[in-house]
Structure formats: C-alpha cells, structure tokens
2 protein chains.
Amino acid sequence: MVALPLHMNGHQQENDWQDRIIQGDCQEILKTVPSDSVDLVVTSPPYADSRKKTYGGIHPDQYVEWFLPIGAELQRVLKPTGSFVLNIKEKVVDGERHTYVLELILALRQQGWLWTEEYIWHKKNSYPGKWPNRFRDAWERCLQFNRSKQFNMYQDSVMVPTGDWAKTRLRKLSETDQRRDESRVGSGFGKNISNWVGREQAYPNNVLHLATESSNRKHSAAFPQELPKWFIKLFTQEGDLVLDPFMGSGTTALAAKALGRHYLGIEIQPEYVELARQSVGDADCE
Amino acid sequence: MVALPLHMNGHQQENDWQDRIIQGDCQEILKTVPSDSVDLVVTSPPYADSRKKTYGGIHPDQYVEWFLPIGAELQRVLKPTGSFVLNIKEKVVDGERHTYVLELILALRQQGWLWTEEYIWHKKNSYPGKWPNRFRDAWERCLQFNRSKQFNMYQDSVMVPTGDWAKTRLRKLSETDQRRDESRVGSGFGKNISNWVGREQAYPNNVLHLATESSNRKHSAAFPQELPKWFIKLFTQEGDLVLDPFMGSGTTALAAKALGRHYLGIEIQPEYVELARQSVGDADCE
DNA sequence: GTTCCGCATGAATCGATAG
DNA sequence: ACTATCGATTCATGCGGAA
C-alpha cells in the first residue's frame, strides 16, 4: 500500500495532494506522497555550487550523490505513464565544464530511469558577460526521463505555425484541414487546436527558443513560465497532477494552474513558499 | 598523386603536412603526423551505427573503445595551445538516447583532455518525421576539448552584428522573409554579414544556428561549411594548420582553405578522398 | 534583374514484417 | 527471442525554372 501522509489516517483522498505548496526538504516530503500519483515532474533543482545562500550550495563533486535519493522518490511517486523533466546545466569549474550532469544521467539510468530525450532550452537573452576563453552560455538541458517506454505525450497541444505558412496557407488550407481533421477525431482534443484553425501548423522539435524572465525579482533562477508550460502541455492533460520538488518562487505551480492542471510544490525556503503561495493566490483573483 | 608520408625519409618539413588530403585509416595515418603540429582539430566522426555502408558502422556499445586511440593521437599532434572540436550526436536506441557520447566525454577527460565547453549546433532544418514518443532532433553537440587551459581563442573574428539590424532590414523584406528572420535567432550566420560591416557588433554565444546543406551539390555534406568555418575563425589565425581526421567530402579542408588556413585531411574512403581533392582543387580555380 | 513557386532531399525514428 | 530490412511519417532549405 501507498505511504500515507503522516497526518492522514484512514481513507486518503487524492485531492489532499493537489494544489498545495509544502514547505520542507523534498527528500523528506516526497516520502509522504503516494506512489504512482503524479503525471509529470518538472523541476529546476539548485545548480551545483550556485545559489549558495539559498540552498546551501551542493558541491559539484557531491551533486549526484545528493540527487539520487530524490530521484528514487520521484520514480516512486510518478505514474508509470508519466514523465520527469529535469532542467539543469553544468557549471564551469576551473576552466572546464564539470561532468556532474553527465554522471547524473548515467546514475539515474542505473536507478531505473529511461533517458528518453534531451531537449535544449535556447535562452535567447542569455546572461551578459565576457571571458577570455569562452562565450556566454545561452542554453540549458531539459532532460526527459521516463519509467516506461509507454508514456503519455500529447503532441498536438504544442504545435506551432509552419515556417512559411503565410506563403502557402491559402492554397493548401482545405486539403490540409481535411487531413488534420481526420487525425483529430481519434485523439480527442479540441481546445488548443481551435486556436490554430485556419493556420498551417507543424510539430516542433527538441530545441526550445525562450527568453529568460528578467522580471523574476526574488528567486535567483530565471525560469520562464513558458518552459514548464510547454512540458505541461506536452505531457499532461487537464486535471492531471504536476509536481515540482524544487518549486522556488512557484513558476511551475503557476504554469500548471494556468493550464488547468493540479500542482504539488515543495520548497525548503519559507520565503519562497510564501512567495509561491501568494503567486498562485494572486492568480486566483484574475 | 598521393604522396604518402611513409615515402618520406629524413627530415620532415612542416610543409609536407600542409594542404594535403591523405587516404587511409586515421588511426594509422595520425601516427605519422608530427607531435605538437596542429592548431585545430575539427571533425565530425561517423556516428555510432550510422553510415553503415561507408564506415562499417561502429556499434554504440563499442564507440568509446573505438574512439579512444584516435583521441590519444589527436592529443599528441595538437599544439598545447590548440583546440579539438568534436561534432557528434547520440542516436536513439530502443526508445532511449544512448549514452555513448556522455561516456566518451568522460573517457576523453580520463585521457587527459580538458572538456572546456559544449557548443550547440541548432539545425534549423532538421530531418522530418513523426513518432508517438518524440519530436524531430534539431541539434547536435560541438564539444570543445583542450590540452591546456591556455589555448588560443580569437573572439573578435566571429563577432556578429547587433542592434538595429532588424529594424533597418525587415522593412524591405517580404512577409515570409520577415517571419523567417524572427526564427533566425542569435549567432548571425548567413551570407549577408558583409552588409553589416561597420555596424555595431557583439560577441556570439555558445548556440550556433545553421541549416544543414541538403541539396547544395552532388554530395551533400553532413555538416555545413559554416560550422567548421566558425570554429576555424575562432581558434586559429591565418597560416595555422587545421586537421580533420574524418574528412568526408572535404568540407573542413574547403573551409580552412577559404579562410587562408592550411589543412590536413584524412579519409578512409577513396571516393571521398577523390571528391575532397577535387573540391579543394576546384576552389583553386575560383 | 527580381520574385515566386515547385520540388527533391536529408547524420531520423518507429513499428511491422521477415529471416 | 533477436537482428535485419522496409515503409510511413514529416518539414525547412535551396536550387532551378517560370512569370
């Protein structure tokens, strides 16, 4: 049977785990989350040795060791059809890219995760700076892991306008619409699709072009809401549960809520917890 | 005619190693190349299990083992101030990204290489296709390795125009071209750079936006000439020596020659050798 | 000389079929 | 069961021919 939250007894209601932001160390909190209950984990954990003041600064050499227990819990709480998206980028240490992310990928596979794909987040407005031996770092990894080869993926929900739709849309419109309508019947969507009716659309690829959010004042990591949104649309449906064990200022929760998904956020810093709760609360008023 | 290095006796003149394309297995040929003689290695080795007919198809599980002896030779022939740029991408095997590239990076570091940086080549025109569990693969790794932390880097040579270029130029373009320009983010590759001489310039970042050359010539080059050109400009000066141990149809040699650098190409396939020689020969006539 | 349009062409991947 | 081959799917790009 599932590990029940400590304060609950008897029948557990799934709703208790939805739309909440919990303060605490995710390694501990996660133990109280039921198995096979989460549809998507999307998170941007503290990077090694960075954000020292906020997270205690995990040393690069200890990063894998630190993350593995959390990876194990995430594997347990994720549904077999769910996905785990890890946004991360290795630091420069002593003039070299450190290898802890590579080692983490290998270690997570040892743990049973499937390394399905590596998406690239291209940061269009990367952090300025100049060094004699390198250029600005303008990309981060978004690693997709799965428990099983059979996972949910709703590709139609993230389609984008075709490169030259303006040129050909009028000509091909009828023909293409017919074809797309057929395929739409089987896959039971409708909401987002309707936004694109009349346009040519194509499936995206594994390179995401997003700007970092400079307005994110308090939390040190500039994690644009569009990033979790994209993965939430891609890997969940409305009503599904999205987990972020390193919630920070609540970007993932906001994204999930805005898309009609349930969220579960864990954050160790009380200030961030408060900030995140305000954010999702504020969103209520809109 | 092919003047093989083995035919030479006595003192080696550096010129003997310049501007030549040698047919043979690079693992063997490299042994005859003088130590500390190359300013830049830029190459795109056969990817695991691909190009089966031409290279014999290295199995993913044996890739690291196969590459390491070559890596050792490259380390020897490279000058201490030189760089080694490796263009590579892992395949999907059984629904997962294979880990041989990650393992190769770790193994090359064991061999003494410094993993200085990972550039991303964003392939604007990625191979089409649709699958239930993934999108099209639109990026490849360009891994930069060095022998020493003190390596040559000429950042000014790859600066890109900035600022008001969109403003000035977009007005004249058609609607479709405008749309294309939007997606043409960042590192100003392209032919019209000369139009922007004298304008404000900025340093690029570590994401390169290039299209593959699909229907360019008879022989479609796996990587576009702009890719080696960028690294050649960045890591060498005129008169320096550029080595490509997997020359293919000669893209790197052409790029080096066009930029006034010397080249040394090694290629096992006689047809490619012939093609590459014709290419650099043809370039002479222009 | 432009601009526009048609068309072939990829460092792909999956799933089914065949040996 | 495990490998090898094949068909289906899909789209940005650049060339060449046409207006």
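Within every chain, numbering begins at 1; the chains are lettered A, B, ... in the order of the sequence lines, protein sequences first and strands thereafter.
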(Q) Between C1' on C:dA12 and CD on B:E140, what's the gap in Å once rounded to a whole number? (A) 11 Å
Q | Atom-pair distance (CD on A:Q155; P on D:dT9), nearest Å | A | 15 Å
Q: Using the six-membered ring wherever Trp is involved, compare the ring planes of B:Y119 and A:F135 and label them parallel, tilted or perpendicular (cut-offs 30° and 60°).
A: perpendicular
Q.
Does any part of the side chain of B:D240, heavy atoms only, come nearer than 4.5 Å to the side chain of B:L40, both counted from C-beta?
A. no
Q) B:A276 and B:I21: which non-hydrogen atoms are nearest, and at how many Å? A) CB-CD1, 3.6 Å
Q.
For A:T116, give me all partners under side chain to side chain contact (heavy atoms under 4.5 Å, CB included), at least two apart in sequence or on another chain.
A. A:L114, A:Q144, A:N146, A:F151, B:R134
Q) Do A:F145 and A:I105 pass the side chain to side chain contact (heavy atoms under 4.5 Å, CB included) test, and can you show the C-alpha distance, the side-chain angles, and the key distance before you say yes or no? A) CA-CA 9 Å; A:F145 296 94; A:I105 295 172; 4.3 Å; yes
Q: Grab the CD-C1' distance between B:E213 and C:dA11 for me, whole Å please.
A: 14 Å
Q: Write down the distance between OH (B:Y47) and C1' (C:dG10), rounded to a whole number of angstrom.
A: 13 Å
Q | Between C:dA11 (C1') and B:F246 (CZ): distance, integer Å | A | 14 Å
Q. Over how many whole Å does the gap from B:F223 atom CZ to C:dG10 atom P extend?
A. 17 Å
Q: Answer yes when A:E118 and A:R141 have at least one side-chain N-carboxylate O distance shorter than 4.0 Å, and no when they do not.
A: yes
Q) Of all heavy-atom pairs between B:Q23 and B:I29, which one has the smallest distance, and what is that distance? A) O-CD1, 4.0 Å
Q: Rounded to the nearest angstrom, tell me the gap between atom CG in B:L227 and atom C1' in C:dA11.
A: 13 Å
**Q.** Quiz item: B:S126 side-chain donor-acceptor pair to D:dA12 base, under 3.5 Å
**A.** no
(Q) Strictly under 4.0 angstrom, non-hydrogen atoms only: write out the protein contact profile of nucleotides 13-19 of chain C, one letter per nucleotide from the 5' end, B, S or -. (A) BSS----
Q | Residue whose closest nucleotide on DNA chain D lies nearer the 5' end, B:G129 versus B:N125 | A | B:G129
Q. Of all the nucleotides listed (D:dA12, D:dC11, C:dA12), which has the minimum atom distance to the side chain of B:Y127?
A. C:dA12
Q. In whole angstroms, how far is the P atom of C:dG10 from the CH2 atom of B:W139?
A. 23 Å
Q: Check the angle between the aromatic planes of B:H98 and B:Y100 and answer parallel, tilted or perpendicular using the 30° and 60° thresholds.
A: tilted
Q: Ignoring hydrogens and angles, tell me if any N or O in the side chain of B:K31 forms a donor-acceptor pair with the backbone of B:E73 under 3.5 Å.
A: no
(Q) Once pairs are restricted to Watson-Crick or G-U wobble with both distances under 3.5 Å, how does DNA chain D read as a dot-bracket string, [ ] for crossings and | for other-strand pairs? (A) .||||||||.|||||||||
